[in-house]
Every structure is written in structure tokens, then in C-alpha cells.
Amino acid sequence: MTAQPREDVAAMLRAGATYRAIREQLGVSHGVIRKTRIVYEIPTPRRSSPQGAELRAATERRYPKVAEMLRAGATHRQITAATGASAPTLVRVRRILGVPVPPRNMRSTRTIAEGLALYTEPYGDGHARWTGPYAGCKPHLAAGGRRYSARREAFRAHHGRPPAGTVRASCEEAGCIAGAHLTDQTIRDEAHLDALYQDIFGDTP
């Protein structure tokens, strides 16, 4: 059901009550409070006020990844792809947290290492998932005005050399991008030779 504005909520907002205090006292949802503020044209508390500080803290708790990516200069498209947050939500979070809109050329000045750090999310037993943009079904990142394969750059960053041939994950986690779990043709060939040697000679030194 669509949230409806309420006079008692408006009265508490005008008195400077926080969203938490209104929810606890009146038992209403965040949507009702927000709708009331819009309909009754009650301004959002200034960021320097106690109410503004609580609103910032609540926003940080509710949208931690969005806040992190906004501050890192990610685009709205990239943040939506990684978090599922809508464009209006991103605009609201940016306004509440006071995050300035980055200059248009910021993405071109980001390094590959910064892009990997921004979008690589470790999890589980040494695995990592890509939370950044994709080109089709392949993760990619923009740096220095160019686009790169995120998987190949993650391999390069971990192994200290460019990959030979196709980069694949050696683990069973689909889409894992952890450098230690990525192999190229050279690594796979070496593993194949080791397996043949083991089959022929066993554990003989």
C-alpha cells in the first residue's frame, strides 16, 4: 500500500524529531515519514544538526556499499549494477551524505589498481567476486581512458606478469576473480605436465 502523509508525523518533523524517534513513538514506516516531509514541504535537517547527523548515520548503515562507491567516484550505472539501488535512491544518498558529483574525467584518471580495489569483494575461502561493470558477461574496468578485462588485470596483479591465452578460475566458484584462483594457458600446461610426470614416475624424486 502507498505510504500516506500524516499530520502527527508532520508536527514531529517540524519540532525537529528524528526519524527514529518518530518511528518509535508513532509506529510508522520510513516511507510514511518521507512522504509526509515531501507533501508538507518540510525541509530536510541540515547536515550539521543532530537530526542531520542521525540521518547520515542511518543512511550509512542502510546503504554501506552505495556510500562507499559514491565516495570512490563510481558512476550511478556502476553502482546500480553492483547494488541494485535505483537512481532516485543514489541521488538521495548522495545528497544526505554530502558526496559531491565527481568531475567527468575522474574515471579516466583512476588507475587499474584502484579499479580492482574498488570492485573486488573478497568472500569465503579466498574467493572474490566482481561488483563492478560488465561488458556482456565479462567483468571490465575503466582506467586511464581505456577499458580493460578485469579478470586479466586481476591475474596480472597477482602473478606479476600478463596472462598467456584465456584466463580461467581454478576453483569451483562461478565468476571468482581472486588472483590466486586464476590460471592462464601457461599455468594449465605446467599443471598438465606435472600430472603426467606424477602418473609415470609417481613420487620418485
Side-chain angles (χ1 to χ4, degrees), residues 30 44 47 52-188:
H30 180 92
T44 302
R47 289 195 295 271
E54 180 177 336
L55 182 57
R56 288 200 311 277
T59 302
E60 291 271 11
R61 290 193 298 270
R62 187 174 182 183
Y63 304 104
K65 187 65 176 180
V66 170
E68 175 189 348
M69 294 183 71
L70 282 173
R71 292 191 176 106
T75 65
H76 282 196
R77 179 178 296 179
Q78 291 167 342
I79 300 173
T80 296
T83 67
S86 66
T89 294
L90 301 184
V91 171
R92 186 168 68 252
V93 172
R94 184 186 293 280
R95 185 183 69 247
I96 291 172
L97 299 182
V99 180
V101 176
R104 286 184 174 272
N105 65 349
M106 182 172 180
R107 280 182 293 169
S108 66
T109 61
R110 181 183 296 144
T111 66
I112 292 174
E114 289 170 342
L116 289 173
L118 176 61
Y119 297 123
T120 301
E121 182 179 88
Y123 73 98
D125 187 18
H127 304 295
R129 63 173 59 91
W130 183 251
T131 63
Y134 281 77
C137 61
K138 298 180 180 180
H140 78 92
L141 60 86
R146 297 180 57 189
R147 287 188 176 186
Y148 297 87
S149 163
R151 191 178 297 275
R152 294 180 71 83
E153 293 307 321
F155 178 97
R156 186 196 302 267
H158 179 81
H159 294 280
R161 63 173 178 82
T166 303
V167 175
R168 298 173 183 165
S170 59
C171 62
E172 297 181 356
E173 288 291 312
C176 180
I177 200 169
H181 294 184
L182 298 178
T183 66
D184 67 348
Q185 193 60 53
T186 299
I187 292 175
R188 291 191 293 273

Check your understanding: Of all residues at least two apart in sequence or in a different chain, which pass the ring pair (Phe, Tyr, Trp, His ring centres under 6.0 Å) check with His158?
Key ->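 Checked His158 against ring pair (Phe, Tyr, Trp, His ring centres under 6.0 Å); zero matches.
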
Check your understanding: According to the salt bridge (Lys or Arg N to Asp or Glu O under 4.0 Å) rule, which pairs have a member within residues 157-172, sequence neighbours left out?
Key -> Arg161-Asp184

Exercise for review: Taking Ser170 for its side chain and His181 for its backbone only, find out whether a donor-acceptor pair lies under 3.5 Å.
Suggested key: yes

Which heavy atom of [X] sits nearest to which heavy atom of [Y], and what is that distance?
{"X": "Pro163", "Y": "Arg152", "result": "O-NH2, 3.3 Å"}
{"X": "Gln78", "Y": "Pro133", "result": "NE2-CG, 3.9 Å"}
{"X": "Lys65", "Y": "Leu118", "result": "NZ-O, 3.8 Å"}
{"X": "Leu182", "Y": "Arg151", "result": "CD1-O, 3.5 Å"}
{"X": "Trp130", "Y": "Gly115", "result": "CH2-O, 4.0 Å"}
{"X": "Ala135", "Y": "His140", "result": "N-CD2, 3.2 Å"}

Using side-chain heavy atoms (C-beta onward) and a distance below 4.5 Å, is [X] in contact with [Y]?
{"X": "Arg95", "Y": "Thr59", "value": "no"}
{"X": "Ile187", "Y": "His159", "value": "yes"}
{"X": "Val93", "Y": "Arg62", "value": "no"}

[atom1]-[atom2] distance between [X] and [Y], expressed to the nearest 0.5 angstrom:
{"X": "Ile79", "Y": "Arg77", "atom1": "CD1", "atom2": "CZ", "answer": "12.5 Å"}
{"X": "Glu153", "Y": "Thr120", "atom1": "CD", "atom2": "OG1", "answer": "11.5 Å"}
{"X": "Leu116", "Y": "Thr111", "atom1": "CG", "atom2": "OG1", "answer": "8.5 Å"}
{"X": "Tyr63", "Y": "Arg92", "atom1": "OH", "atom2": "CZ", "answer": "5.0 Å"}
{"X": "Ile177", "Y": "Tyr119", "atom1": "CD1", "atom2": "OH", "answer": "12.5 Å"}
{"X": "Arg94", "Y": "His76", "atom1": "CZ", "atom2": "NE2", "answer": "4.0 Å"}

